[in-house]
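Remember, it's a predicted structure, so these values are computed and weren't measured experimentally.
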Amino acid sequence: QVQLVESGGGLVQAGNSLRLACAASGRSFSSSVMAWFRQAPGKEREFVAAISWGGSRVEYADSVKGRFTISRDNAKNTVNLQMNSLKVEDTGVYYCAATRATAWTRRVYDYWGQGTQVTVSS
């Protein structure tokens with residue numbers, strides 16, 4: 001059974017940092033694109049960051065560029081999201097996602113985690 005399990009969420013004051021982790025199991029994700037999405041209350045789920053299978057390509061939403069860093073460890077089947085200088089508008093449920101295919105373009109995320117709550121207070 002394929003599973004993506006997020007951890008590391010919590011309540012933090014604006015300006016501080018959090019590090020999210022996603023542990024994958026059930027298959028190897030070393031050839032998958034891994035990504036983070038988030039969903040704020042009353043809003044649609046939005047893309048946050050993605051990383052290619054080898055880690056050589058990364059992509060960020062404009063709203064998090066320069067503050068968030070995505071990384072992965074294929075040996076451990078994990079992907080992380082370091083979030084610095086957090087803002088109130090970063091509040092939401094953060095989801096880990098993975099593709100079945102290797103391709104960087106036209107990504108389709110086939111696997112999703114259950115999400116972890118991040119709340120940033122002012």
Side-chain angles (χ1 to χ4, degrees):
Q1 180 181 0
V2 175
Q3 275 192 315
L4 299 177
V5 179
E6 303 93 337
S7 63
L11 173 64
V12 64
Q13 281 193 322
N16 286 345
S17 301
L18 274 178
R19 184 177 178 84
L20 303 184
C22 173
S25 62
R27 70 184 289 269
S28 172
F29 285 89
S30 60
S31 60
S32 301
V33 175
M34 305 290 290
W36 289 92
F37 289 75
R38 68 187 181 188
Q39 186 167 20
K43 295 187 177 181
E44 294 187 352
R45 190 176 300 188
E46 64 175 2
F47 169 80
V48 174
I51 186 167
S52 62
W53 67 271
S56 61
R57 302 184 72 169
V58 293
E59 181 180 344
Y60 296 97
D62 289 342
S63 58
V64 307
K65 279 181 183 176
R67 299 188 298 121
F68 289 13
T69 302
I70 188 171
S71 62
R72 68 188 295 165
D73 185 336
N74 287 337
K76 296 181 180 179
N77 238 14
T78 59
V79 60
N80 300 306
L81 185 68
Q82 178 66 41
M83 306 186 294
N84 298 330
S85 302
L86 282 162
K87 303 176 181 180
V88 172
E89 50 264 42
D90 293 320
T91 294
V93 178
Y94 282 70
Y95 298 91
C96 177
T99 65
R100 197 191 309 266
T102 304
W104 179 248
T105 57
R106 299 181 182 178
R107 301 187 290 266
V108 176
Y109 293 96
D110 303 286
Y111 307 104
W112 293 85
Q114 293 299 308
T116 184
Q117 176 69 45
V118 172
T119 303
V120 184
S121 63
S122 59

Arg100 vs Ser31, side chain to side chain contact (heavy atoms under 4.5 Å, CB included): CA-CA, chis, key distance, verdict
CA-CA 8 Å; Arg100 197 191 309 266; Ser31 60; over 6 Å; no
Go through the steps to decide whether Asn74 and Phe29 satisfy the test side chain to side chain contact (heavy atoms under 4.5 Å, CB included), and finish with yes or no.
CA-CA 7 Å; Asn74 287 337; Phe29 285 89; over 6 Å; no
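Residues passing the salt bridge (charged side-chain N to carboxylate O under 4.0 Å, His left out) test with Lys43: none are found, sequence neighbours excluded. With sequence neighbours excluded, the residues forming a side chain to side chain donor-acceptor pair (under 3.5 Å) with Ser30 are Ser28, listed by chain and number. Residues satisfying the salt bridge (charged side-chain N to carboxylate O under 4.0 Å, His left out) test with Arg27, not counting sequence neighbours, are none. Partners of Arg72 by salt bridge (charged side-chain N to carboxylate O under 4.0 Å, His left out), not counting sequence neighbours: none found.
Between the CG atom in Asn80 and the SG atom in Cys22 there is a gap of 9.0 Å [rounded to 0.5 Å]. Note that CD of Glu46 is 10.0 Å distant from CD of Glu44, once rounded to the nearest 0.5 Å. To the nearest 0.5 angstrom, Ser85 atom OG is 9.0 Å from Asn16 atom CG. Note: Thr116 OG1 to Tyr94 OH = 10.5 Å, rounded to the nearest 0.5 Å.
Connectivity analysis of hydrophobic side chains (ILVMFWY, heavy atoms under 4.5 Å, direct or indirect) links Phe37 to Val33, Phe47, Val93, Tyr95, Trp104, Tyr109, Trp112.
Under the 4.5 Å side-chain criterion, counting only non-hydrogen atoms from C-beta, Ile70 is in contact with Ile51. In this structure, Arg67 and Ser17 have side chains that are not in contact, with every pair of non-hydrogen atoms separated by 4.5 Å or more. Counting heavy atoms from C-beta outward, Glu6 and Gln117 have side chains that stay 4.5 Å or more apart. Looking only at side-chain heavy atoms (C-beta outward), Val48 and Leu81 come within less than 4.5 Å of each other.
Contact between Ala101 and Asp110 at its shortest, heavy atoms only, is N-OD2, 4.4 Å. Between Cys96 and Val79, the shortest heavy-atom contact is SG-CG1, 3.7 Å.
Checked by atom type, the side-chain pair Thr78/Asp73 shows no donor-acceptor distance below 3.5 Å. With hydrogens and angles left out, the side-chain atoms of Gln82 and Asn84 include a donor and acceptor closer than 3.5 Å.
Between Lys87 and Asp90, no side-chain nitrogen of the basic residue sits less than 4.0 Å from a carboxylate oxygen of the acidic one, so the salt-bridge criterion is not met. Using a cut-off of 4.0 Å between Lys/Arg side-chain N and Asp/Glu carboxylate O, Glu59 and Arg107 are scored as salt-bridged.
Of the possible donor and acceptor atoms, none in the side chain of Ser32 sits under 3.5 Å from a partner among the backbone N and O of Met34. Judged by distance alone, with hydrogens and angles left aside, the side-chain atoms of Thr119 form no donor-acceptor pair with the main-chain N or O of Leu11 at under 3.5 Å.
Among pairs with a residue in residues 48-92, none fulfils ring-ring contact (aromatic ring centres under 6.0 Å, His included), at least two apart in sequence or across chains.
When each of Leu18, Val120, Val64 is checked for a side chain to side chain contact (heavy atoms under 4.5 Å, CB included) with Met83, only Leu18 meets the rule.
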